Amino acid sequence: MNGIVEFLVSGFILIGAVFALVGSIGLVRLSDFYLRLHGPTKASTLGVGGAILGSLLFFSWQERALQLQEVLIVLFLFITAPVSAHMLAKAAMHRNLKRREDTRGGPWKQ
Amino acid sequence: MEHLIIAPILIPAFAGMLLLLEVRERQRLRRFTGLLATLALIPVALGLWQQAATGEIGVYQLGDWRAPFGIVLVLDRLSALMVLLTAVLALPALIYGSRGDDRRGANFHGLFQLQLMGINGAFLTGDLFNLFVFFEVLLIASYGLALHGRGPARVKGGIHYVVLNLIGSALFLVALGLAYGTTGTLNMADFAVKVSELEGNSLDLARLSGLLMWVVFGLKAALFPLYFWLPATYASATAPVAALFAIMTKVGIYAIARVYGLAFSGGALAGLGRDPLWVIALITLGLAAVGVLGARRLGEMVAYLLVMSVGTLMAGLAWSSPEALGAMLYYLIHSTLVCGGLFLLADLVTRGRGELADRLEAGPSPTGRGVLGVLFFAGAIAVVGLPPLSGFVGKVALMQAVPAPLYWLFLLGGGLIALIGLSRAGSTLFWRATGDGEERRLDGPRLAATVALLATTPALAIWGEPVLEACLAVAGQWSQPGLYIDAVLGAGESAL
Amino acid sequence: MNLSILVLLPFLGAALPPLAERFRASRTLLALSAAALPALALALMVAPARRVIAGDTVLSSLQWLPSLGLDLAFRLDGLSLMFAMLVLGIGLLIILYARYYLAANEKAGRFYAYLLLFMGAMLGVVTSDNLLLLVVFWELTSLSSFLLIGFWSHNSGARKGARMALTVTGLGGLALLAGVLLIGQVVGSYSLGEALASGDAIRASGLYPLILCLVLLGIFTKSAQFPFHFWLPHAMAAPTPVSAYLHSATMVKAGVFLLARFYPMLAGTNLWFDLVTLAGMATLIWGALAALFQHDLKGLLAYSTISHLGLITLLFGLNTELAAVAAVFHIINHATFKASLFMAAGIIDHETGTRDMRRINGLWRYMPYTAVLAMVASAAMAGVPLLNGFLSKEMFFAETLQSDRLGAMSWVLPLGATLGGVLSVAYSARFIHDVFFNGEPVNLPKFPPHEPPRYMKVPVEILVALCVAVGVFPALTVAGLLAVAGTATLGGTLPEYHLSIWHGFNLPLLMSVVALVGGVLVYSQRQRLFRWHARLPEINANLIFERAMQAVARFAGALSGRLRNGSLQTYVAWLLAVVSLVLLTQLGPHLLSGERALLPLDGVALLAGAMLIVAAVITAILHRHRMTAIMSISVVGLVVSLVFVRFSAPDLALTQLSVEVVTVMLLILAMYFLPVRTSAESGVFRVSRDLFLSVVVGGGVGVMAFAMMTSDFNSISGFFLENAKPGGGGTNVVNVILVDFRGFDTFGEITVLGIAAMGIYALLKDLKLTSPGADATGRPWARDAHPLVLVTISRPLLPLALLVSVYIFLRGHNLPGGGFIAGLVTSVALLLQYVASGVGWMHHRMPGDYHPVVALGLLLAGITGVASWLFGHPFLTSTFDYIHWPLVGKFEVASAMLFDTGVFLTVVGATLLMLANLGKLSLLDDKGAGAAYDGDETGQGGGA
Amino acid sequence: MLEIALPIAFGLFVLALLLNLYRLLRGPTLPDRALALDTMYINTIGLIVLYGISSDSKLYFEAAMLIALIGFVSTVAVAKYMLRGDIIE
Amino acid sequence: MSRLLPFPLLSLFLWATWMLLNGFSWGHALLGLVLAVVLPLGTQSFWPNVPRLRNFPKLVRFVLVVHWDILTANVAVAILIIGPPRRLRPGFVELPLDLSDEFAITLLASTISLTPGTVSADVSEDRRTLLIHALDVDDEGAMIEQIKQRYERPLKEIFEC
Amino acid sequence: MEVMIALMIATLVGSGVYLTLRARTFPVILGITLLSYGVNLFVFVSGRLSLNQVPVVGMSENPSDPLPQALVLTAIVIGFAMTAFLVVLALRGQGEMNSDHVDGGSDGESHKEDR
Ligand code: NA
Ligand code: NA
């Protein structure tokens with residue numbers, strides 16, 4: 001395999017993995033639900049995106065042709081992930097979950 | 001005519017599908033479809049029986065793939081007999097059900113047909129995994145049927161039945177995994193050949209597979225200690241369903257006969273589980289007799305009588321001589337039809353007694369007390385094995401074929417206990433009536449269906465000889481697994 | 001003439017009276033219809049009877065169940081002739097008697113029918129030439145007597161008496177069956193003739209003691225021998241004609257008949273002597289004693305019957321030929337005098353309205369004619385000279401003196417016999433004196449009593465006349481019959497004996513005198529005896545038996561209730577305990593020695609595995625926090641899919657993933673109506689039991705899995721890999737197996753799915769559940785039923801998901817995918833619409849009922865399968881071809897695709913049928929309805 | 001290079017999954033658990049994609065795509081349950 | 001044409017997806033075309049109110065902007081997450097909506113959720129306000145303005161004009 | 001790897017068994033589900049484990065055993081049907097017996113039969 005390609009693939013997947021981990025760390029570390037909600041919806045999406053970029057490159061190289069199939073995964077995620085986040089936020093507001101005292105503003109009554 | 005073998009599966013299957021298609025709840029159309037399909041099963045089953053009676057084993061290769069790679073249906077005398085028995089039982093049960101019970105919930109006719117499809121499939125298949133699939137077909141349909149109608153008792157019985165059978169299905173899968181994981185095949189005949197060549201770890205695992213299947217079939221057949229669910233479930237099921245279910249325990253018995261008479265018939269595993277089966281059969285027989293005596297509802301009593309027949313049959317099966325198997329098959333036919341008839345009868349009794357239903361307490365006399373009394377008397381005589389009805393013939397045949405004092409003791413003792421129970425029940429229901437029941441007349445077709453089933457018992461006695469001979473022929477073929485294996489795999493494959 | 005017709009006649013006759021009754025025949029006509037066929041039978045018997053008297057044995061046989069050795073074989077020899085005459089003759093008299101006995105409002109037709117059934121059964125017993133056939137008729141007598149005894153079913157005593165008789169004689173019948181089967185084993189045939197000829201072989205057989213015990217159990221129960229005698233008095237609850245019939249000539253005589261019949265086969269051994277004599281002696285004395293103390297007229301007769309049966313039994317037990325002849329003789333005599341006595345008692349009962357001898361007194365004045373008849377019959381029973389009873393009793397006394405089996409104790413037998421005689425005289429004296437004399441009647445329900453109708457007395461007259469005739473002219477009357485019967489009983493030549501009234505002064509005569517005098521003495525002391533008896537604790541066999549039966553039934557109920565305790569947990573535990581037993585006995589370290597090389601474990605697998613294990617265990621631990629459990633079980637499903645990915649099963653991974661989503665939706669749908677959590681309710685014992693079972697079963701399956709994975713095997717799978725492409729036209733072998741090689745499995749499987757949907761629909765129909773108005777914390781539900789973002793995103797997702805479904809479907813044959821997965825994806829997309837926009841909204845856009853979708857799917861699959869018949873192939877034979885189209889190029893068309901489309905439709909239809917209907921549940925609920933429809937059109941905005 | 005990068009990436013994703021599992025078990029609230037599950041689905045996609053690379057096979061693409069397309073439905077269902085109790089109404 | 005292709009954008013999207021899924025071949029191009037026409041037609045009743053696309057180039061630009069934002073802001077958020085939590089200044093922000101089309105509002109909400117640091121938490125019943133939870137709000141007004149500038153306005157132009 | 005898989009199967013089956021022994025319908029449903037997972041895995045591994053050998057013709061040199069995969073697929077679908085039925089049955093129980101106890105009614109009554 002071409003060294004540069006391999007380097008790029010490795011880079012993408014590592015960056016992706018780091019982002020995925022960061023998102024999940026956020027999920028563990030952050031102190032209220034609304035904060036935690038930010039981690040996965042974005043960082044993880046990006047994490048998967050990184051992995052997929054790596055994969056794209058890898059297979060395009062392997063098969064000597066542009067392999068864009070996996071873009072669809074990201075596309076689908078971009079469509080669906082905000083819905084999960086939105087619905088969970090609504091649920092959390094409905095349940096009136098505790099939030100950090102210094103949170104400005106407040107949730108709406110559901 | 002070569003496709004006749006699959007007809008007992010496809011006729012109810014297509015009927016079930018058509019019934020599913022009929023969404024406008026045109027009850028008469030549904031009844032017509034269901035009855036027509038069920039009626040059609042009888043000539044088909046007779047044709048198959050005739051085909052099997054020649055002694056030739058018919059093999060139907062689904063998808064035109066030869067065994068052991070594809071799934072085969074196998075028509076030997078045993079499967080033909082079971083298919084015929086199912087058809088004979090199903091028609092009266094459905095006629096009975098078509099008099100109003102089918103309106104007590106949705107999809108009765110569709111479920112009934114698909115239940116028949118499952119039962120026939122289980123009898124005909126020559127493939128272990130396909131047997132599992134048909135078990136599931138008949139089970140899921142039976143879940144639906146068991147819950148047909150309303151009432152907490154039915155739901156509770158249903159939950160118990162479903163959960164236990166789901167666990168049973170899981171166990172079956174484990175057994176199948178082991179079967180495939182050791183022999184690498186699923187065709188019963190091929191399995192029989194391969195399992196007899198196993199050794200070491202694989203042999204131990206195959207044994208475990210056999211024993212686990214044994215537990216599964218024991219659950220279906222309702223053997224001790226796995227029958228406890230049955231009385232409540234059957235007693236609470238709608239009458240035509242309970243009547244049809246009389247064949248369900250026999251599916252378990254059939255499976256044991258088939259799998260152990262064929263798949264585990266050779267090599268180190270021959271006779272697997274036979275000794276415990278013997279003991280368990282006797283315990284089942286004894287405890288079920290106790291159950292008959294202790295029952296407080298007629299339906300429950302009949303359910304226990306059914307379990308008793310299971311014990312009786314299993315002991316005969318465990319003895320596993322051709323004579324014992326032949327006698328057992330005769331008894332199987334008898335007990336299935338009679339218990340089916342008694343379930344219907346219990347319902348007829350219930351109908352006239354209002355709130356009291358089939359509780360064995362003094363109360364208003366059932367509508368049509370005279371006729372029902374005669375039917376009850378005949379059914380009771382048949383089921384406890386008193387002469388001159390089929391129960392006696394079956395019992396004598398079994399006792400002659402299984403000359404074990406313990407068996408005789410349980411068989412006769414159990415019969416006596418059941419006799420006591422039934423005489424108490426009969427005298428309470430028909431003699432101790434405290435007044436007339438509801439005025440309604442007995443429904444003609446319902447009565448006819450009940451009579452039809454119970455009338456098989458004198459018929460089986462009168463034509464006992466040809467029936468016994470047929471059963472012995474079935475048993476003779478069964479006890480030569482090599483015939484089956486040769487038919488399925490082609491001659492010369494069998495080492496048994 | 002075929003004997004089977006003879007036996008058949010009463011059975012046929014049983015149909016006549018009910019028919020006659022239906023046509024409103026008069027009572028006389030009814031009786032005539034009942035009597036017709038037995039009379040015919042009696043007439044038809046004349047010809048064969050002549051041959052029998054001449055020394056022949058008439059045989060006839062029809063095949064019935066040759067493979068069981070059960071033939072319709074009948075014989076008429078002396079013994080059976082004698083019994084047949086009793087059965088038919090007395091039977092006819094009973095019919096005549098019953099004509100007057102039965103009240104106008106009683107179902108006489110039914111009564112005669114039962115009686116004739118019984119008569120036929122009895123006739124069958126005495127004429128069977130096949131042991132099994134004999135058992136058949138034997139049991140038929142039990143059954144028909146059950147009906148007869150219980151004829152007055154409104155009467156509790158009748159019901160109980162009938163059940164008791166059936167129970168006891170049923171027990172005996174079963175024992176007899178076993179005994180007969182054993183005889184058949186020894187003899188090698190069930191032919192009576194052969195069995196009688198094989199007496200030596202039977203007695204020599206090791207099975208002899210068992211056979212004897214079983215047969216005697218049958219005999220003793222039937223003949224009411226001590227200690228099985230207790231049923232007989234309670235059988236007196238039957239109408240008197242029944243008692244007269246059953247307890248004189250028939251039912252109870254069946255037992256002693258069998259003693260006679262089997263005499264050549266089983267008698268002659270010490271065991272026989274001990275058992276039969278002992279039982280006979282005990283019965284003789286006990287019955288006589290009890291008879292003395294009865295206040296019930298029929299009770300006295302019942303116990304006297306028991307006593308006389310004991311006498312007969314004792315005679316058979318003595319093992320001498322003469323004793324056997326005496327026994328046969330006494331059978332005849334007892335039948336005649338006892339039948340007449342019962343009838344007389346019936347007349348008295350009929351006329352006075354009671355059977356209590358303490359109230360019935362001095363009837364001599366009111367019905368002298370009946371009194372004479374009854375007194376003569378009683379005298380015969382007492383053994384008064386010039387009456388038939390005297391003759392046989394004399395023989396009996398003589399025979400007891402002959403036996404020396406008891407050695408030094410031999411005097412016991414004559415002493416016992418004499419004591420029996422004394423008591424017999426005493427109770428006979430009571431019957432005469434207490435009823436017909438002894439002052440005035442006390443408080444009779446019917447007063448004054450009259451003589452009965454003329455023809456009601458005829459049967460009594462006939463029988464009493466016979467008693468006298470036999471007693472006075474034995475040689476002219478009974479000798480011939482007795483000779484042939486005796487010969488048949490002994491199965492050989494008859495011993496020397498003389499039937500005469502006077503044998504000179506001898507010991508038997510002395511015993512008779514002692515009996516007569518002693519009997520009168522005893523009776524004279526009756527007041528003292530009654531007082532003594534009244535102080536004894538009352539033993540009511542009926543009560544004891546009934547209580548015992550109830551106790552047994554209660555115990556049975558308790559035992560089966562204990563086993564079948566209605567607790568699913570117990571049943572499941574039993575099932576798993578059996579599995580555990582299998583596993584514990586079969587598993588061992590030897591299974592861990594597989595030869596196959598292990599795959600290396602890597603970190604990812606380790607952690608993923610750990611994740612699954614943790615999630616599974618957590619699901620089990622946290623199951624009471626139900627929503628949490630749903631989450632953790634989803635994790636399990638996710639990891640399982642990963643396992644499928646990892647181990648080269650992409651199809652499975654896809655299936656698992658999509659099923660998982662649907663399952664979670666299903667569980668959450670259910671959660672709406674179920675409690676959110678439950679409190680802990682299992683005790684320590686239960687939890688530890690369950691843990692044990694879990695560890696054993698789980699561990700066992702794990703060990704088996706390991707053992708299996710580590711051993712080598714040869715599989716048929718190579719065939720699939722090789723033939724998938726050339727034979728099945730696809731490269732995805734899993735899919736080709738599913739739609740082709742094992743398409744039949746798939747056919748069954750989608751059927752399961754379809755049935756499940758049908759069943760679920762049926763379960764949900766009319767199901768009423770209350771929708772909680774608030775969540776578990778009491779918080780009311782959110783107002784926004786159809787959030788905008790969800791609605792707006794979910795809708796374009798539908799065509800997208802369908803596109804993906806098409807993709808997955810089309811590639812399935814060659815690459816991972818197929819109808820199932822495509823169907824599930826489509827279902828999920830549609831379900832999402834339900835979640836987002838609601839049932840009401842979907843209702844306008846989707847079929848209202850998914851049944852036809854399921855049906856179409858199944859039909860498509862089925863018809864595809866059947867279509868192969870047109871090409872002469874079996875069900876589900878697939879075919880495929882490649883088509884070349886310009887521009888598009890080469891593509892494959894396979895019938896399997898059609899099948900797979902059926903699969904697709906079924907999956908979609910079934911899933912939606914299940915879940916959409918589950919979702920509709922809340923609509924049915926009145927409370928939830930308003931809220932549910934609130935936001936129905938949310939997100940629809942303008943235009944449509 | 002890829003031989004080193006892949007295991008590390010695998011490790012990081014699995015670690016992320018374990019952290020998600022922790023949150024799922026720990027809660028403390030139902031939305032937290034649902035969020036954790038949702039994140040697990042997403043991280044699983046990454047894991048599958050990586051597995052595709054490491055085994056040089058595109059046969060796992062559909063699995064990843066399927067999670068991306070329908071994995072969120074579970075989360076939506078849970079959220080809807082919390083909001084309305086009835087997810088199909 | 002519009003009866004056959006009521007939602008050209010969707011059809012295009014579907015066709016592109018099909019081609020991505022299957023790789024290019026004439027057969028698939030044709031089949032994809034068929035599906036791209038049939039599927040929207042078949043599901044037409046499910047979404048009666050999708051706005052017409054007015055400005056395709058703007059859409060492309062918008063997509064690119066969003067992707068860029070996702071990339072860059074992610075890094076910032078990652079640092080926030082790993083950094084000391086006390087540094088965060090979370091808050092709920094109400095965004096007054098200029099958009100009126102529901103599809104456009106949804107796109108905006110999704111975009112806000114996808115771009116790091118913000119999650120759209122709710123849409124008011126009257127569709128006039130969007131509730132946003134932000135991880136780190138310095139200046140509420142600036143944030144609102146930025147969202148309006150960067151996302152809402154282009155969306156309005158793309159779909160509504 | 002085999003040890004790991006065996007452990008997974010053991011845990012799934014064990015947890016499933018434990019849950020099927022509970023008194024309420026819901027945990028029983030979960031138990032059946034877990035049991036199915038375990039059993040499906042068991043059947044799956046009856047074809048032995050193999051890495052990256054998808055049974056697609058031409059895709060692998062030594063394809064893994066396709067038959068158990070087909071069997072498991074069937075089992076998954078059947079299992080789903082059964083679970084769905086059980087779930088609805090549990091609802092029916094809740095509706096008719098007003099309790100989610102597997103024996104209906106509360107614990108006190110649960111051991112009494114409806115005679
Ligand atoms: Na008196
Ligand atoms: Na709903």
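Just so it is clear, the model here is predicted, and its values are computed rather than measured. Just so we're on the same page: letters track the sequence lines, and every chain starts at 1.
Of all heavy-atom pairs spanning C:Glu749 and F:Leu73, the tightest one is OE2-O, 4.0 Å. Taking both residues in full, the closest heavy atoms of F:Ala10 and C:Gly702 are given as CB-CA, 3.9 Å, listed atom of the first, atom of the second, then distance. Contact record, F:Asn52 with C:Ser648: N-OG, 3.0 Å, taken as the closest heavy-atom pair. The minimum heavy-atom distance between C:Val752 and F:Ala81, with the atom names listed, is CG1-CB, 4.0 Å. Scanning all heavy atoms of the two residues, the minimum distance from F:Met8 to C:Gly609 falls at SD-CA, 3.8 Å. The nearest pair of heavy atoms linking F:Ala70 to C:Leu738 is O-CD2, 3.7 Å.
Taking 4.5 Å as the limit, some side-chain heavy atom of C:Leu769 sits within range of a side-chain heavy atom of F:Gln94.
For C:Asp712, the part lying under 4.5 angstrom from a heavy atom of chain F is the backbone only. Only the side chain of F:Phe44 comes within less than 4.5 Å of a heavy atom in chain C; its backbone stays farther off. With a threshold of 4.5 angstrom between heavy atoms, C:Ala597 approaches chain F through N, CA, C or O but not through any side-chain atom. Of the two parts of F:Leu35, neither the backbone nor the side chain holds a non-hydrogen atom closer than 4.5 Å to a non-hydrogen atom of chain C. The contact between F:Leu30 and chain C is made by backbone and side chain atoms together, counting heavy-atom distances below 4.5 Å. Residue contact with chain F, scored on non-hydrogen atoms closer than 4.5 Å, involves the backbone and the side chain of C:Phe706 alike. Interface remark: F:Phe42 contributes backbone and side-chain atoms alike to the contact with chain C (heavy atom separation under 4.5 Å). For C:Phe741, no part lies under 4.5 angstrom from a heavy atom of chain F. Residue F:Leu67 touches chain C through both its backbone and its side chain, counting heavy-atom pairs closer than 4.5 Å. Contacts of C:Met708 with chain F are made by both backbone and side-chain atoms, with heavy-atom separations under 4.5 Å.
The CD atom of C:Gln656 sits 12.0 Å away from the CZ atom of F:Phe80 when rounded to the nearest 0.5 Å. Residue F:Thr74 holds its OG1 atom at 10.5 Å from CD1 of C:Ile750, rounded to the nearest 0.5 Å. Of the inter-residue distances, the one linking C:Asp602 atom CG with F:Met1 atom CE reads 4.5 Å to the nearest 0.5 angstrom. Interatomic distance, F:Ile78 CD1 to C:Asp745 CG, rounded to the nearest 0.5 Å: 8.0 Å. Interatomic distance, F:Ile29 CD1 to C:Thr663 OG1, rounded to the nearest 0.5 Å: 11.5 Å. The distance from atom CD1 of C:Ile613 to atom OG of F:Ser15, rounded to the nearest 0.5 Å, is 9.0 Å.
No other option in F:Val102, F:Leu49, F:Val87 has as many heavy-atom pairs under 4.5 Å with chain C as F:Leu49. Most heavy-atom pairs under 4.5 Å with chain C, from the set F:Val72, F:Asn40, F:Thr25: that is F:Val72. Your options are F:Val45, F:Ile5, F:Val77, and the one with the most heavy-atom pairs under 4.5 Å with chain C is F:Val77. The most heavy-atom pairs under 4.5 Å with chain C, out of F:Pro55, F:Ala75, F:Ser60, come from F:Pro55. Heavy-atom pairs under 4.5 Å with chain C peak, among F:Thr20, F:Val54, F:Val28, at F:Val54. Note: F:Ile76 leads F:Leu71, F:Ile76, F:Leu89, F:Val39 in heavy-atom pairs under 4.5 Å with chain C. Counting heavy-atom pairs under 4.5 Å between each of C:Val662, C:Val696, C:Leu815, C:Asn735 and chain F puts C:Val662 at the top.
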